[in-house]
Amino acid sequence: MDWKTYEETVKSIYEALGKKQEVKIVCYGNSCKSTGKSGVSHQVDVITSHDVGIHTYKTAIECKYWNEKIDKDKVMKLIEIRDDCNFDKAVIVSKLGFTEDGAKYAEYHNVGLVELREPLDKDLQNRLTSININIQVLVPEILSFNNVSDEEVNLEIQGKRI
């Protein structure tokens with residue numbers, strides 16, 4: 001997977017999970033931009049919206065397919081974009097998680113944090129990795145055959161295990 005596929009995956013997950021709440025993907029990818037109160041245009045990886053009554057809520061989602069944990073500086077940058085563009089919510093999705101300071105700062109400023117990564121070997125330890133299935137097959141064995149008439153036949157059949 002590369003960063004672009006990661007962004008598309010995040011977009012698809014939010015799209016699928018949000019269908020019941022009628023969450024819509026406004027835009028995603030390099031061309032996804034929002035101009036803030038400052039007059040500055042900000043690139044955001046995914047922007048979603050959903051309507052509740054007369055209010056439309058918008059969420060800015062940043063995808064970090066990086067080989068390091070996300071620190072408070074990256075959280076601060078998204079908070080500034082959220083506030084400048086009047087987004088109602090901000091979320092960071094990271095491949096490797098978040099530093100302790102990054103997580104604390106995000107919690108204080110109501111920024112959602114999501115760790116989305118491929119499973120590691122340690123995730124699969126102590127989990128069922130194989131399934132044993134016992135299947136019994138019964139083969140019919142004809143015990144008796146009785147031709148009662150041209151239209152009727154009586155059969156006595158018993159299942160025999162193999």
Asks: Can you spot which of Val91, Val46, Thr9, Thr59 makes a side chain to side chain contact (heavy atoms under 4.5 Å, CB included) with Tyr14?
Replies: Val91

Asks: Okay, side chain of Asp45, backbone of Gly29: is any donor-acceptor separation there less than 3.5 Å?
Replies: no

Asks: Does atom CD of Glu115 have more than 12 heavy-atom neighbours, drawn from other residues, nucleotides or ligands, at distances under 6.0 Å?
Replies: yes

Asks: Does Leu96 belong to the same Ile/Leu/Val/Met/Phe/Trp/Tyr cluster as Val111, with side-chain heavy atoms less than 4.5 Å apart forming each link?
Replies: no

Asks: To the closest 0.5 Å, what do you measure between OG1 (Thr5) and CD (Glu8)?
Replies: 5.5 Å

Asks: Would you check, one step at a time, whether the test side-chain hydrogen bond (donor to acceptor under 3.5 Å, both in side chains) holds for Thr56 with Asp51?
Replies: CA-CA 4 Å; Thr56 298; Asp51 297 325; 2.5 Å; yes

Asks: Is the closest side-chain heavy-atom distance between Phe87 and Ile47 below 4.5 Å?
Replies: yes

Asks: For the hydrophobic clusters of this structure (ILVMFWY residues joined by side-chain heavy atoms under 4.5 Å, transitively), does one cluster hold both Trp3 and Val10?
Replies: yes

Asks: State, to 0.1 Å, how close His42 and Cys85 come at their nearest heavy-atom pair, and which atoms those are.
Replies: CD2-SG, 3.4 Å

Asks: Is there a donor-acceptor contact under 3.5 Å from the side chain of Lys37 to the main chain of Asp83?
Replies: yes

Asks: Is any side-chain heavy atom of Lys95 less than 4.5 Å from a side-chain heavy atom of Asn67?
Replies: yes

Asks: Centre of Tyr105's six-membered ring, under 6.0 Å away, within 45 degrees of the axis: is that where NZ or CZ of Lys72 sits?
Replies: no

Asks: Show, in sequence, the C-alpha distance, side-chain angles and deciding distance for Asp88 and His55, and conclude whether the side-chain contact (heavy atoms from CB on, under 4.5 Å) test is met.
Replies: CA-CA 11 Å; Asp88 299 285; His55 187 73; 3.6 Å; yes

Asks: Could you tell me whether the side chain of Val44 reaches within less than 4.5 Å of the side chain of Ile61, counting heavy atoms only?
Replies: no

Asks: Set out, in order, the CA-CA distance, both residues' side-chain angles and the distance that settles salt bridge (charged side-chain N to carboxylate O under 4.0 Å, His left out) for Glu80 and Arg82, then state yes or no.
Replies: CA-CA 5 Å; Glu80 289 297 320; Arg82 177 194 67 192; over 6 Å; no

Asks: Starting at CD of Glu68, measure out to CG of Asp71 and round the result to the nearest 0.5 Å.
Replies: 7.0 Å

Asks: Taking the six-membered ring of Phe98, is NZ or CZ of Lys69 closer than 6.0 Å to its centre and within 45° of its axis?
Replies: no

Asks: Where is the tightest heavy-atom contact between Glu22 and His50, given as atom of each residue plus distance?
Replies: O-CB, 3.8 Å

Asks: Quick one: do Ile25 and Ile81 end up in the same hydrophobic cluster if we chain Ile, Leu, Val, Met, Phe, Trp and Tyr together by side-chain heavy atoms under 4.5 Å apart?
Replies: no

Asks: Minimum heavy-atom separation for Tyr65 and Tyr6, please, with both atom names.
Replies: CD1-CD1, 3.3 Å

Asks: Linking I/L/V/M/F/W/Y whenever any side-chain heavy atoms sit under 4.5 Å apart, do Leu116 and Met1 land together?
Replies: yes

Asks: Would you list the pairs meeting disulfide bond (SG atoms under 2.5 Å apart) in which at least one residue belongs to residues 18-69, sequence neighbours left out?
Replies: Cys27-Cys32

Asks: Got Lys11 and Glu15 here, is their nearest side-chain heavy-atom distance under 4.5 Å?
Replies: yes

Asks: With a sphere of 6.0 Å drawn around NZ of Lys104, does it hold more than 12 non-hydrogen atoms of other residues, nucleotides or ligands?
Replies: no

Asks: What I'd like to find out is whether the side chain of Val23 reaches to under 4.5 Å of the side chain of Thr48, using heavy atoms alone.
Replies: yes

Asks: Please tell me whether Ser38 and Asp84 have a donor and an acceptor in their side chains that are separated by less than 3.5 angstrom.
Replies: yes

Asks: Side chains of Tyr57 and Lys89: closer than 4.5 Å at any heavy-atom pair?
Replies: no

Asks: Of all the heavy-atom pairs spanning Val75 and Gly102, show the shortest one and how long it is.
Replies: CG2-O, 3.7 Å

Asks: Does a side-chain heavy-atom distance below 4.5 Å link Ile92 with Leu78?
Replies: yes

Asks: Tell me whether the count of non-hydrogen atoms from other residues, nucleotides or ligands lying under 6.0 Å of NZ in Lys77 goes above 12.
Replies: no

Asks: For Asn30 and Lys4, does a side-chain donor sit closer than 3.5 Å to a side-chain acceptor?
Replies: no

